[in-house]
Amino acid sequence: MDTNANIREAAQTIDALITPSLLLDRGRIERNIQRLAEHARELGVVLRPHMKTAKSIDVARHVFPGEPGPITVSTIAEAEYFAGHGFRDITYAVGMSPASAVRAMELCRRTGADVKLLLDSVEQADAMAGVREATGMTPSVFIELDCDDHRGGLKPDDPKLLEVADRIVAAGANLVGVLTHAGESYGLNTPDALVKAAEDERSATVGAAETLRANGHACPIVSLGSTPTAHFAENLEGVTELRAGVYMFFDLVQHGVGVCAIDDIAISVLATVIGAKPEKGWVLVDAGWMALSRDRGTANQKIDQGYGVVCDENGRVLEDVIVAQASQEHGILAIRAGSGKSMPDLPLGARVRILPNHACAMAAQHHFYSVVNGDSPRIEARWERIRGW
């Protein structure tokens, strides 16, 4: 019997939780979800949320309060999980291997889901014939585009674009469109730069779609998005769908980019003070990188947030207090370098909430969310989340 899990399940308030524990603020996530949904409607595109951050059917039901809608996933395990909860229109937005493609098509056969695959090479395109033969299913396929030198994908003007498209069709697969992700937008921090990145993403993707259409490929779906460009896009002419994921929760990296305020960040880790080193100005808590993740995504931004910004137990930011260092199960709270502030009184047993550098990475360390609302200590619900691949 998992005694700790039983205690967490029975907890009615956060002071009864075993720490470290992952908290999710319902009011903030609902506000974040509504914000991007309204923006997508204004731009006239379908919003296909990425569930890689949330990994939770309860979160998905807040995104889609009625019938399940179109989603993006980053693992086949996510696709299997959400298909098991009635989602049928799923894009697997990671470059496929033959094994992952077979697994995805087997899921389609079992559930009736339409899981769209992603590829960017002739070799992957040719492999579709074997996937069809192994599963008896016709894969639906996107060609991945590289719009900003960030990750995988073909350049929109790469001559191989047409060759890959032709080979997808020759392999008996269904070419459904093009897909890109403006990952370099995470390194920006001004509205003008973000608006330009969004337009560059749009024009590159639409241009590739037009090239394919001019050469006999229908290319019905033009899919793009990152959380920064999704929020700063002003024109999505020629685009059919918008993708984003971390927007539901936001995090300190997105705050540093300029997409959200600190008060929009919806998840945090609840931790307990376990000691102090007054001579060093340190307070020790029981949340290290196993609870917070090792992500140091703000290190190259204008403000380095260490391993996370520290709030009191009610969620109010403790000015200039960050997790300055982290080991496996210890976090060291300290005043940010260069600040004139003093460490607040945090006695043994005091509780703090730590905001994430990267919400996806922090949430991935935990099995469930304890759902709260604002500064109330009451736990409204426990939402399970999946892990693994």
Side-chain angles (χ1 to χ4, degrees), residues 14 17 19-25 28 32 53 186-189 227-228 246 249-366 372 374-375:
I14 62 173
L17 286 171
T19 56
S21 282
L22 184 64
L23 305 182
L24 173 58
D25 188 307
R28 292 184 180 189
N32 296 340
T53 307
Y186 282 61
L188 306 176
N189 59 17
T227 287
V246 75
F249 294 169
F250 284 128
D251 53 30
L252 293 167
V253 167
Q254 295 299 324
H255 173 63
V257 171
V259 184
C260 69
I262 289 282
D263 287 345
D264 294 324
I265 299 175
I267 66 166
S268 60
V269 163
L270 183 73
T272 301
V273 173
I274 57 173
K277 289 270 190 177
E279 71 279 10
K280 293 187 175 183
W282 292 355
V283 170
L284 281 64
V285 295
D286 61 355
W289 50 256
M290 284 291 285
L292 307 174
S293 90
R294 295 189 72 101
D295 195 292
R296 292 280 287 103
T298 61
N300 296 320
Q301 293 185 328
K302 184 177 180 181
I303 299 177
D304 183 351
Q305 307 284 19
Y307 287 87
V309 164
V310 182
C311 306
D312 67 16
E313 64 181 339
N314 297 314
R316 292 184 289 264
V317 172
L318 299 175
E319 190 172 356
D320 285 341
V321 182
I322 61 171
V323 183
Q325 300 178 48
S327 53
Q328 185 165 336
E329 302 294 352
H330 291 77
I332 295 176
L333 312 189
I335 295 294
R336 188 191 313 280
S339 170
K341 299 292 181 180
S342 299
M343 180 65 75
D345 182 28
L346 293 171
L348 183 69
R351 298 291 183 99
V352 295
R353 300 187 193 186
I354 300 167
L355 303 178
N357 277 316
H358 184 177
C360 309
M362 175 183 275
Q365 309 300 102
H366 301 265
V372 297
D375 61 5

Crowding at CG, Asn314 (>12 non-hydrogen neighbours, <6.0 Å)
yes
Please check: side-chain N/O of Arg351 versus main-chain N/O of Ile14, any donor-acceptor pairing under 3.5 Å?
yes
Closest heavy-atom contact between Tyr307 and Ile354?
O-CG2, 4.3 Å
Between Pro344 and Val321 the two heavy atoms that sit nearest each other are CD-CG2, 3.7 Å
Do the side chain of Asn357 and the main chain of Leu252 share a donor and acceptor less than 3.5 angstrom apart?
no
Enter the distance from Leu23:CG to Leu270:CG here, rounded to the nearest 0.5 Å.
5.0 Å
Under a 4.5 Å cut-off applied to non-hydrogen side-chain atoms, are Ile332 and Lys277 in contact?
no
Rounding to 0.5 Å, atoms OG1 (Thr53) and CG (Asp251) come to a distance of 8.0 Å
What is the minimum heavy-atom distance between Pro228 and Gln254, and which atoms define it?
CG-OE1, 3.5 Å
Side chains of Arg316 and Asp375: closer than 4.5 Å at any heavy-atom pair?
yes
Do Val246 and Cys360 touch side chain to side chain, with heavy atoms closer than 4.5 Å?
yes
Where the side chain of Glu313 meets the backbone of Ala350, is there a donor-acceptor pair that is under 3.5 Å apart?
no
Anything under 3.5 Å between a donor and an acceptor, one on a side chain of residues 255-265, the other on a protein residue two or more places apart or in another chain? List them.
unit_1, atom_1, unit_2, atom_2, d
His255, ND1, Cys260, O, 3.0
Asp264, OD1, Arg31, NH2, 3.2
Asp264, OD2, Ala261, N, 2.9

Is it true that Asp304 and Arg336 make a salt bridge, defined as a side-chain N closer than 4.0 Å to a carboxylate O?
no
Arg296 side, atom CZ; His358 side, atom NE2 - distance, nearest 0.5 Å
14.5 Å
If we ignore hydrogens and angles and just use 3.5 Å, is the side chain of Asp295 paired with the main-chain N or O of Gly297 as donor and acceptor?
yes
In sequence, state the C-alpha distance, the side-chain angles, and the governing distance for Val323 and Val310, and then conclude on side chain to side chain contact (heavy atoms under 4.5 Å, CB included).
CA-CA 7 Å; Val323 183; Val310 182; 4.0 Å; yes
State the CD-OG1 distance between Gln305 and Thr298, to the nearest 0.5 angstrom.
5.5 Å
For residues 324-333, which residue pairs pass the side chain to side chain donor-acceptor pair (under 3.5 Å) check, not counting sequence neighbours?
none
All heavy atoms of Ser339 vs all of Asp320, minimum pair found to be OG-OD2, 2.7 Å
Exercise: identify the closest heavy-atom pair between Ala287 and Val269
CB-CG1, 4.1 Å
Is a side-chain donor or acceptor of Ser268 paired with a backbone partner of Arg353 at a separation under 3.5 angstrom?
no
For Pro356 versus Phe250, what's the shortest heavy-atom pair and its separation?
CG-O, 4.5 Å
Test log, rule side chain to side chain contact (heavy atoms under 4.5 Å, CB included), inputs Leu318 and Leu333
CA-CA 11 Å; Leu318 299 175; Leu333 312 189; over 6 Å; no
I'd like to know if the side chain of Gln365 and the backbone of Met290 have a donor-acceptor N/O pair within less than 3.5 Å.
yes
